[in-house]
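Report on the following structure.
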Amino acid sequence: MSCPMDFTAYPFDHQVCYFRMESYQFTSKQVSYKWHNPIIERASNIQLGQFDFDFYSVQQQNTSHSTGSFPLVMVEVVLKRRISYHLMNTFLPSGLFVCVSWLTFLVPPDQIPGRMVLTITTLLTLVSMFAAVKQESPKVSYAKAVDQWMIMCVVFVFLVLLEFTVVIRMYELGRRAAAKGASNVSSPHPNPDVEPANTPATPTRPSSTTTTASRQSTAVPSVDEPSRRNPLKQQRVWEDGKETHALETF
């Protein structure tokens with residue numbers, strides 16, 4: 001007995017298999033098959049770990065082949081897969097991991113190590129879980145429902161990682177712009193060697209030596225001034241390397 005199955009909706013699939021009983025030698029003109037009691041009784045001790053199943057009788061009088069028409073009766077076996085195993089081992093853990101990756105949105109952007117470690121760990125865990133599910137599921141060439149679920153979980157966590165990368169980049173650009181604005185406010189003229197043309201010249205304060213020299217130069221006329229108005233005679237006397245001034249009045 002063979003049963004072709006479609007696992008597109010795995011693990012939410014229902015499979016219908018047929019147990020065929022057909023005459024091999026005698027045609028329908030020679031013999032006919034039919035159920036004496038169409039209700040099939042099932043023993044209570046027959047159980048399957050992953051399926052709930054039922055039997056139904058299907059009566060068909062004839063089936064045609066190239067050699068003639070032959071009698072046929074069938075038993076329909078309906079298999080309904082139990083999802084409790086995959087719910088507890090696949091769907092619930094993977095959904096929780098995606099929710100944990102979403103919790104990184106509540107972490108401040110400057111906490112880069114914590115957010116990156118949590119997101120990448122969640123992503124690697126989902127990839128490992130996906131590989132384990134692939135080992136347990138039927139080997140078919142098309143995508144099953146559980147494969148689509150795991151792929152979307154991985155995509156959601158990857159989008160969280162992508163969003164955090166964009167946030168870090170924008171945060172860094174904003175920090176640089178703020179630092180540049182603060183430096184421009186603190187130093188309005190970036191080149192200190194070049195003085196702006198419109199800046200008025202600030203008068204410099206004369207040094208003490210210059211002030212003293214100017215006072216001495218102005219003091220000399222005050223001494224010589226009376227010598228022009230009055231008959232005064234100025235005599236310089238050098239004693240021991242020192243210059244002294246003597247004023248004589250005639």
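Numbers for residues simply follow the sequence, beginning at 1. What's counted below: heavy atoms across the whole structure, side chains too, no hydrogens, waters or symmetry copies. Keep in mind the model is a prediction, meaning the values are calculated, not measured.
- For the pair P71 and S28, the tightest heavy-atom approach, listed with the atom from each and the gap, is CD-N, 3.7 Å.
- Side-chain atoms of T121 and T125, non-hydrogen and from C-beta on, do get closer than 4.5 Å to each other.
- At distances below 3.5 Å, at least one donor-acceptor pair connects side-chain atoms of T165 with backbone N or O atoms of L161.
- The two residues M150 and L126 come nearest to each other via the heavy atoms CE-O, 3.8 Å.
- The neighbour count for M21 CE, taken as heavy atoms of other residues, nucleotides or ligands under 6.0 Å away, is above 12.
- The hydrophobic cluster containing M152 also contains V146, counting ILVMFWY residues as joined when their side-chain heavy atoms lie under 4.5 angstrom apart, directly or transitively.
- Applying the ring pair (Phe, Tyr, Trp, His ring centres under 6.0 Å) rule to pairs touching residues 116-154 yields F91-W149, sequence neighbours excluded.
- Using modelled atom types, no side-chain atom of D147 and backbone atom of A143 make a donor-acceptor pair closer than 3.5 Å.
- Aromatic pair F12/H86: ring centres not closer than 6.0 Å.
- Counting only heavy atoms from C-beta outward, the side chains of P93 and M88 never approach each other to under 4.5 Å.
- Between V75 and V58, the closest side-chain pair of non-hydrogen atoms is not below 4.5 Å.
- Counting only distance, with no hydrogens or angles, the side chain of K144 and the backbone of V140 share no donor-acceptor pair below 3.5 Å.
- Around CE of M170, the count of heavy atoms belonging to other residues, nucleotides or ligands within 6.0 Å does not exceed 12.
- A single hydrophobic cluster is not seen to contain both V127 and L92; linkage of ILVMFWY side chains at heavy-atom distances under 4.5 Å, directly or through other members, places them apart.
- Of all heavy-atom pairs between S23 and V31, the closest is OG-CG1, 4.2 Å.
- With a 4.5 Å cut-off on side-chain heavy atoms, E76 and S57 do not count as touching.
- F51 and Y85 end up in different hydrophobic clusters when Ile, Leu, Val, Met, Phe, Trp and Tyr side chains are linked at under 4.5 Å.
- F53 has its side chain within reach of L48: a pair of non-hydrogen atoms, C-beta onward, lies under 4.5 Å apart.
- Note that CG of D54 and NZ of K80 are 9.5 Å apart. Values are rounded to the nearest 0.5 Å.
- Under the 4.5 Å side-chain criterion, counting only non-hydrogen atoms from C-beta, V77 is not in contact with V16.
- D13 pairs by the side chain to side chain donor-acceptor pair (under 3.5 Å) definition with Q15, R81, not counting sequence neighbours.
- Rounding to the nearest 0.5 Å places CG of L173 at 12.5 Å from OH of Y171.
- Counting non-hydrogen atoms of other residues, nucleotides and ligands closer than 6.0 Å to CZ of F26 gives a total of 12 or fewer.
- The side-chain heavy atoms of V166 and F164, taken from C-beta on, include no pair separated by under 4.5 Å.
- Panel note: side chain R115, backbone T104; a donor-acceptor pair is recorded below 3.5 Å.
- Remark: D6 CG to H14 NE2 distance equals 12.5 Å, nearest 0.5 Å.
- More than 12 heavy-atom neighbours from other residues, nucleotides or ligands sit within 6.0 angstrom of CZ on F55.
- Here the straight-line distance linking atom CD of E136 with atom OG1 of T90 works out to 6.5 Å at 0.5 Å rounding.
- Under the side chain to side chain donor-acceptor pair (under 3.5 Å) criterion, E163 pairs with no residue, sequence neighbours left out.
- Hydrophobic cluster membership is shared by V155 and F97, with clusters built from Ile, Leu, Val, Met, Phe, Trp and Tyr side chains linked at under 4.5 angstrom.
- Of all heavy-atom pairs between V157 and S101, the closest is CG2-OG, 3.7 Å.
- Shown here for R82 and G49, the closest heavy-atom pair between the two residues is NH1-O, 3.5 Å.
- Between the CD1 atom in I83 and the CD atom in Q50 there is a gap of 13.0 Å [rounded to 0.5 Å].
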**Asked** Going through the distances and angles, do T119 and L123 end up as a side chain to side chain contact (heavy atoms under 4.5 Å, CB included)?
**Response** CA-CA 6 Å; T119 307; L123 182 61; 5.7 Å; no
**Message:** Please determine whether salt bridge (charged side-chain N to carboxylate O under 4.0 Å, His left out) holds for the pair R175 and E172, giving the CA-CA distance in whole Å, both sets of side-chain angles, and the decisive distance to 0.1 Å.
**Reply:** CA-CA 5 Å; R175 188 182 63 82; E172 184 66 20; 2.4 Å; yes
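- Across all non-hydrogen atoms, the minimal contact from C153 to V98 is CB-CG2, 3.8 Å.
- One N or O on the side chain of S183 and one on the backbone of K180 form a donor-acceptor pair closer than 3.5 Å.
- Hydrophobic clustering (ILVMFWY, side-chain heavy atoms < 4.5 Å, transitive): F158 and F105 are in distinct clusters.
- Within a 6.0 Å radius of CD1 in I39, other residues, nucleotides and ligands contribute 12 heavy atoms or fewer.
- Taking the side chain as every heavy atom from C-beta outward, Q25 and F70 never approach each other to under 4.5 Å.
- Interatomic distance, OH of Y18 versus SG of C3, reported as 9.5 Å (0.5 Å rounding).
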